Amino acid sequence: MKVERYAHCSHWGAYSILVQNNEIVGIEPFEHDPAPSPIIDSVREWARSDRRITQPMVRSGWLQSREKSDRSRRGEDQFIPVTWEEVTNLVADEINRVSSNYGNEAIFAGSYGWTSCGRLHHAPSLLKRMLNLVGGYTGHVDTYSIAAGPTILRHVLGDDAACTGGSSTLDTVVEHTETLIVFGGLSPRTAQNEAGSIAKHSLESNLRKIAAKNIKVILVSPLRDDLPEWVGADWWPIRPNTDTALMLGLAGEILKSDSHDKAFLDRCTSGSDDFINYLAGKKDCQYKDAAWASSITGIEQQSIRDLAKLLVSSRSMLTLSWSLQRAHHGEQPYWAGLALAAMVGQIGLPGGGVGYGYASLGGVGAPISLSKSPSISQFKRRISSFIPVARISDMLLNPGADFTYDGKQQVYPDIRLVYWAGGNPFHHHQDLNRLDVAWKKPETIIVQDPMFTPTALRADILLPANTSIERNDIAASKRSDYVLAMHRAIDTVGESKSDFDIFDAVAKKLGVHDEFNEGRNEIDWLRHMYNETRTDAFDRLGFEMVDFDQFWKQGYAECPMRSHHTYLREFRESPELHQLKTESGKIVLNSSVLAKLQYDDCLSHPAWLEPAEWLGNADATQLHLISNQPAGRLHSQLETGQASLQMKRNGREQAKINAGDARRLSINDGDIVKLWSARGACLATATIVDTVSSGVVVLPTGAWLTTTAQNSLDFAGNPNTLTLDIGSSKFGQGCVAHTCLVNIAPYNELAPDAMEYYKNLVDSKVVA
Ligand SMILES: Nc1nc2c(c(=O)[nH]1)N[C@H]1C(S)=C(S)[C@@H](COP(=O)(O)OP(=O)(O)OC[C@H]3O[C@@H](n4cnc5c(=O)[nH]c(N)nc54)[C@H](O)[C@@H]3O)O[C@H]1N2
Ligand SMILES: Nc1nc2c(c(=O)[nH]1)N[C@H]1C(S)=C(S)[C@@H](COP(=O)(O)OP(=O)(O)OC[C@H]3O[C@@H](n4cnc5c(=O)[nH]c(N)nc54)[C@H](O)[C@@H]3O)O[C@H]1N2
Ligand SMILES: [Mo]
C-alpha cells in the first residue's frame with residue numbers, strides 16, 4: 001500500500017507525517033528547518049495512546065444528581081459513556097442553567113492552556129467565541145509564562161512588547177555586543193517550542209556565531225546547562241531568585257565609580273534620583289554594592305566589581321529569561337534589569353541595553369513577524385469579569401473576596417460552572433493539593449481534551465476532542481516566520497471530534513449555531529483565515545504570499561519579517577518625538593502609580609525584596625527547587641512519547657542535584673527519592689550531575705500527577721505537588737513556580753510504576 005505524506009506542525013515545529021493504511025510509519029522534519037526538535041517524533045503517540053478519551057462520558061454521581069452531586073467524588077467516581085447527542089444537551093443545559101440563575105460571570109472559561117497550535121481548532125478561543133454569543137464568561141489575564149514581567153513593564157516602558165518578542169533581535173547581538181550577560185538561559189531546550197509553531201529554529205545558529213566571535217558571555221543561572229557548553233561562557237551559579245540583588249549591586253558599583261550615564265538618565269528616564277538614592281542607601285542605610293550583592297547572591301565580590309566596569313566600558317547587553325519573573329517579587333528582576341541598563345546608558349544602541357525572554361520561546365529574538373496572525377474571532381467580550389491567570393484556586397476558594405491587580409481592587413466571582421478546553425491545570429498550577437480542594441467547589445466541571453489527563457479524571461463531563469493530526473488546520477502566531485499547513489493525516493480516534501465540531505454542536509443546542517460557524521465549514525474557514533493574512537500582508541506591506549491553494553499544497557507560506565531590530569532606537573534618538581506610553585513619556589525608574597499604592601511587595605522603584613522561600617531562609621536540609629521546562633516534551637503533552645521517555649529514568653522524572661548535596665543528604669545516583677514541602681510530596685529518580693549549583697534541585701514540569709486514592713504522594717514526579725501558590729505581588733499576581741524550598745531523601749518503600757499505574761487508573765474509571 002502506498003505511503004502518503006502529510007504536511008503538519010505542532011508548537012515544536014513543522015514536519016511531514018508518513019502514513020500507510022491509516023498507520024503512522026514515519027515522521028520527517030521540515031526541509032527548511034536547520035535544527036528540528038526531537039519531539040516531532042513523539043506525535044505518533046497521539047494515534048496509539050491508551051490515554052486517549054475515546055467517547056463522551058459523564059461522572060456517575062453527576063449523571064444522577066447533576067449540580068447537587070457529591071463533589072468530593074470528583075476523581076473517585078467512574079465515568080458512564082453517553083452519546084454526543086446526550087452530552088451536548090447536558091453541556092448546553094448547564095450553560096443555560098448557570099447563566100440564568102447566577103449570571104454569566106458564574107461561568108469560568110479562562111481555560112488557560114497551550115492546546116494544539118492550530119488557529120481554527122484552537123479550543124480556548126472557540127470556547128470564548130461560543131460563550132460570547134450567549135452572554136460571556138469570567139476569563140483570565142496574562143499567562144503562566146509571563147505575568148509579573150509584563151505587568152510591571154507596561155508601567156515602566158509603556159507596553160510589554162519588550163518581553164513578548166519585541167526586544168532587539170539576536171542578530172544585532174551577534175553583530176554588535178561585546179559583553180553578554182545571560183540571566184536565566186539561552187537554551188535550545190526551551191527554544192524548541194513556539195506558541196503557534198516555528199518553521200526555522202534559529203537559536204543555535206545565533207549562538208554559534210556568538211561563540212565564533214569570542215563575545216564575552218556570562219551565564220547567571222543555577223544551572224550550567226542553561227547555555228550550551230560550546231558557547232564558552234563563564235558560569236555564575238547564582239542563588240535562585242536573587243538576580244535583583246546582583247543587578248542592583250552592579251548598578252551600585254557603577255554609581256560608586258561615577259560611571260553611570262547621566263545624560264541618558266536625564267534625557268530618557270524619570271525618577272532616576274529616587275532610584276540612585278535607594279542604591280546609595282539613603283533610604284535604608286545600605287549601599288547596594290558588590291559586597292552587599294555578594295552576601296545575597298553567593299557571587300564573588302571582585303567578579304561583580306569587574307563586571308560593573310566591563311558593562312560600561314564595552315557594548316553590553318543583558319538578557320533575562322521569562323523564568324526570572326515566575327517567582328515571588330518577579331516584577332523586580334525585570335525592572336532592576338531595565339534600571340541597570342539605563343545606568344549603563346546603552347538602551348537603544350545596537351547590541352546594547354536589555355531584552356527579555358530570548359529563547360524562552362523559539363521566536364523571541366528571531367526576526368520579528370510583521371504579518372497579521374490568522375485567527376478566528378472570539379467576538380467582543382460581553383462581561384468584564386476576570387482573574388489574574390494563576391489565581392484560580394484563590395478564586396474558587398474565596399468567592400466574593402477582594403483581590404488586587406495592576407493597582408486596582410477587584411472581586412472574585414462566585415463560580416458555579418468551569419469549562420476547560422485545551423489546558424491541564426492539574427499539570428500547570430502551583431500547589432496541586434490546594435487546587436484539588438478548590439476544584440471541589442463548583443457545581444459542574446466540563447473538560448474537553450483528547451487525553452485522560454489528571455484534570456480530565458477530575459471532571460464531571462468529558463468531551464473527547466481529537467488531536468491535530470485527525471483534522472485540517474493552519475498554524476502561525478504573532479512571532480511566526482511561516483504560516484504552516486496542518487493536514488489531516490489519520491482517521492479520528494474512537495468517537496472523538498474536532499474542537500470546532502464540538503463547539504458547533506453545543507452552539508446549535510444554545511441556538512447560536514449560525515452566528516458561531518458563520519456558514520463556513522472547516523476548509524472554508526482555513527481559506528478565509530489564510531486569505532485575511534495574505535490580503536493584510538499585501539495591503540499593508542506590499543508582501544506577496546502564495547495563494548491558498550498553493551499554500552495548502554506545498555504546506556507552508558513565508559511571512560514578512562523584519563531582522564536587525566534595535567529596541568527603543570528611535571526613542572533614544574529623540575525621546576520627545578517618540579514618547580513612551582508611560583506616566584512621564586520616558587523609562588520610569590520611580591513610579592508615581594506605585595508610590596501612591598504603597599505596596600510592601602512592589603515599591604515605587606526596583607528593589608531587592610526577599611522571596612517567601614529562598615536559600616537565604618532555608619534550613620540546612622532544604623534545597624531550592626527549580627521546576628523548569630521539560631526537554632523532551634511540551635509541558636504535560638506527549639508524556640509517554642519517545643522524546644519524553646528518554647528524559648525519564650526508571651520510569652520516573654529525574655531530580656538532578658550535585659555530588660556535594662547528594663553526599664550530605666545520603667542520596668546515591670539512581671535512588672528513588674521523595675521530595676516534599678509544606679504543600680505536598682512526590683517521588684523522582686535522583687541523578688547526580690555537575691551542572692546544578694549547590695543547594696539546588698531540578699525537577700522539570702509535566703509528569704502526570706499520579707496518586708492513590710488513599711495517599712496524595714505523587715509517584716510520577718510532578719513538581720507542582722511541591723510549589724507555592726501565592727501571587728508574585730499585589731501588583732502583578734503572577735505565578736511563582738520558581739520560588740520553592742523542598743526536602744529530599746531516599747525513598748525505601750514500595751513505589752509503583754507511575755505510567756503503568758496511571759493506565760490502570762484510567763481503565764478502572766470507565767464503565768464498559
Ligand atoms: N512548577 C511549574 N509549573 C509551571 C511552569 C513552571 O515553570 N514550573 N510553567 C508554567 C507555564 S510557563 C505554562 S505555559 C503552563 C503550561 O500549562 P498547560 O498549557 O496547561 O500545559 P499543556 O500540557 O500544554 O496542556 C495542554 C492541554 O491541551 C490538550 N490538547 C492538546 N491538543 C489539543 C486539542 O487539539 N484540543 C483540545 N481540546 N485539547 C488539546 C493536551 O492534551 C493538554 O491536556 O505550565 C505552567 N506551570
Ligand atoms: N522543551 C520545552 N520547551 C519549552 C516548554 C516546554 O514545556 N518544553 N515550554 C515553553 C513555555 S510555555 C515557556 S513559558 C517557556 C519558558 O521559558 P523559561 O522561563 O526561560 O524556561 P525555564 O525552563 O522555566 O527556565 C529557564 C532557566 O532559568 C533558570 N532559572 C530559574 N530560576 C532562576 C532564577 O531565579 N535566576 C536565574 N538567574 N535563573 C533562574 C533555570 O535554571 C531554568 O533552567 O519555555 C517554552 N519552551
Ligand atoms: Mo509558558
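Everything numeric here is computed off the predicted structure, so don't read it as measured data. When a ligand or atom number is given, it counts from 1 through the structure's own listing order.
- Between atom 26 (C) of ligand 2 and the options Pro611, Ser323, Ser187, the minimum heavy-atom separation is to Ser323.
- Ligand 1 places these atoms under 4.0 Å from at least one heavy atom of Asn424: 20 (O), 25 (O), 44 (O).
- When non-hydrogen atoms are compared, ligand 1 lies under 4.0 Å from the side chain of Arg471 (C-beta onward) but not from its backbone.
- At the top of the distance list for atom 43 (C) of ligand 1, counting protein heavy atoms only, stands Asp449 OD2, 3.5 Å.
- Nearest protein heavy-atom neighbour of atom 37 (C) of ligand 1: Thr115 OG1, 3.5 Å.
- Close approach of ligand 2 to Gln192 is summarised as follows: ligand atoms under 4.0 Å from at least one heavy atom of the residue are 1 (N).
- Looking at ligand 1, you'll find an N or O of Gln430 within less than 3.5 Å of one of its N or O atoms.
- Atom numbering of ligand 2 starts at 1 in the shown order; those under 4.0 Å from a heavy atom of Ile238 are 38 (N).
- Among protein heavy atoms, the minimum distance from atom 14 (S) of ligand 1 is reached at Tyr112 OH, 3.0 Å.
- Under the 30°/60° scheme for interplanar angles, the aromatic rings of Phe516 and Phe503 are found to be tilted.
- Heavy atoms of Gly185 stay at 4.0 angstrom or farther from ligand 2.
- Inspection of the Arg471 and Ser498 side chains reveals no N or O donor paired with an N or O acceptor under 3.5 Å.
- Residue contact check: Asn466 has heavy atoms under 4.0 Å from atoms 35 (O) of ligand 1.
- Of all protein heavy atoms, the one closest to atom 1 (N) of ligand 2 is Pro630 O, 2.8 Å.
- Counting protein heavy atoms only, atom 6 (C) of ligand 1 is closest to Ser627 O, 3.5 Å.
- Residue contact check: Asp499 has heavy atoms under 4.0 Å from atoms 34 (C), 35 (O), 36 (N), 37 (C), 38 (N) of ligand 1.
- Looking at Ser636 next to ligand 1, an N or O pair under 3.5 Å apart turns up.
- Among all protein heavy atoms, the one lying closest to atom 3 (N) of ligand 1 is Asn720 ND2, 3.1 Å.
- Distance from atom 35 (O) of ligand 2 to its nearest protein heavy atom, with residue and atom name: Asn241 N, 2.7 Å.
- Between Leu324 and ligand 2, not a single N/O pair is under 3.5 Å apart.
- Taking each of Ser116, Ala421, Gly422, Ala465 in turn, the one with a heavy atom nearest to atom 27 (C) of ligand 1 proves to be Gly422.
- The residue among Ser693, Gly184, Pro222, Ala737 with a heavy atom at the shortest distance from atom 33 (C) of ligand 2 is Pro222.
- If you look at Asn193 next to ligand 2, the close heavy atoms, those under 4.0 Å, all belong to the side chain.
- Under 4.0 angstrom from ligand 2, there are no non-hydrogen atoms of Thr701.
- Gln448 and Asp499 share a donor-acceptor pair across their side chains, judged by distance under 3.5 Å alone.
- Scanning all protein heavy atoms for the shortest distance to atom 20 (O) of ligand 1 gives His428 ND1, 2.6 Å.
- Contacts of Ser145 with ligand 1, taken as heavy-atom pairs under 4.0 Å, involve both backbone and side chain.
- Side-chain contact annotation: Asn466 with Ser496, donor-acceptor N/O pair under 3.5 Å absent.
- Taking every heavy atom of Pro450 and a limit of under 4.0 angstrom, the matching atoms of ligand 1 come to 30 (N), 33 (C), 37 (C), 39 (N), 40 (C).
- With Gln332 contributing its side chain and His329 its backbone, the two residues share no donor-acceptor pair below 3.5 Å.
- Using a 4.0 Å heavy-atom cutoff, Ala327 is absent from the residues neighbouring ligand 2.
- With a 6.0 Å radius and a threshold of 12 heavy atoms from other residues, nucleotides or ligands, Glu300 has its CD atom at or below the threshold.
- Around atom 8 (N) of ligand 2, the closest heavy atom drawn from His624, Glu194, Arg633 belongs to Arg633.
- Proximity of Asp243 to ligand 2, defined as any heavy-atom pair under 4.0 Å, is confined to the side chain (atoms from C-beta onward).
- Remark: ligand 2 atoms within the under-4.0 Å shell around heavy atoms of Thr190 are 3 (N), 4 (C), 17 (O), 21 (O), 23 (O), 45 (O), 46 (C), 47 (N).
- Heavy atoms of Gln629 found under 4.0 angstrom from ligand 2 belong to the backbone as well as the side chain.
- Between the Thr706 side chain and the Asp714 main chain, no donor and acceptor come within less than 3.5 Å of each other.
- Residue Asp226 touches ligand 2 through its side chain alone, judged by heavy-atom distances below 4.0 Å.
- Contact annotation for Ile626 and ligand 2: only side-chain heavy atoms (C-beta onward) come within less than 4.0 Å of the ligand.
- Looking only at protein heavy atoms, the nearest one to atom 15 (C) of ligand 2 is Ser360 O, 3.1 Å.
- At a heavy-atom cutoff of 4.0 Å, ligand 2 is contacted by no atom of Ile146, backbone or side chain.
- Each of the atoms 38 (N) of ligand 1 lies under 4.0 Å from some heavy atom of Ala123.
- Interface of Thr453 with ligand 1, defined as ligand atoms under 4.0 Å from a residue heavy atom, comprises 44 (O).
- When only modelled atom types and interatomic distance are considered, Thr687 and Gln654 share a side-chain donor-acceptor pair under 3.5 Å.
- Residue contacts with ligand 2: Trp114 is included, with a non-hydrogen atom under 4.0 Å away.
- Of all the heavy atoms of His635, the ones lying under 4.0 Å from any atom of ligand 2 are found in both the backbone and the side chain.
- Scanning all protein heavy atoms for the shortest distance to atom 13 (C) of ligand 1 gives Tyr144 CB, 3.7 Å.
- Numbered from 1 in the order shown, with element, the atoms of ligand 1 that lie under 4.0 Å from a heavy atom of Met451 read 42 (O).
- Residue Val220 places at least one N or O, backbone or side chain, under 3.5 Å from an N or O of ligand 2.
- Against a heavy-atom cut-off of under 4.0 Å, Gly423 is close to the following atoms of ligand 1: 20 (O), 26 (C), 27 (C), 28 (O).
- Comparing Arg326, His11, Gln637 by heavy-atom distance to atom 24 (O) of ligand 1, the nearest is Gln637.
- Distances below 4.0 Å separate heavy atoms of Pro240 from the following atoms of ligand 2: 35 (O).
- Geometrically, ligand 1 and Ser468 share no nitrogen or oxygen pair separated by less than 3.5 Å.
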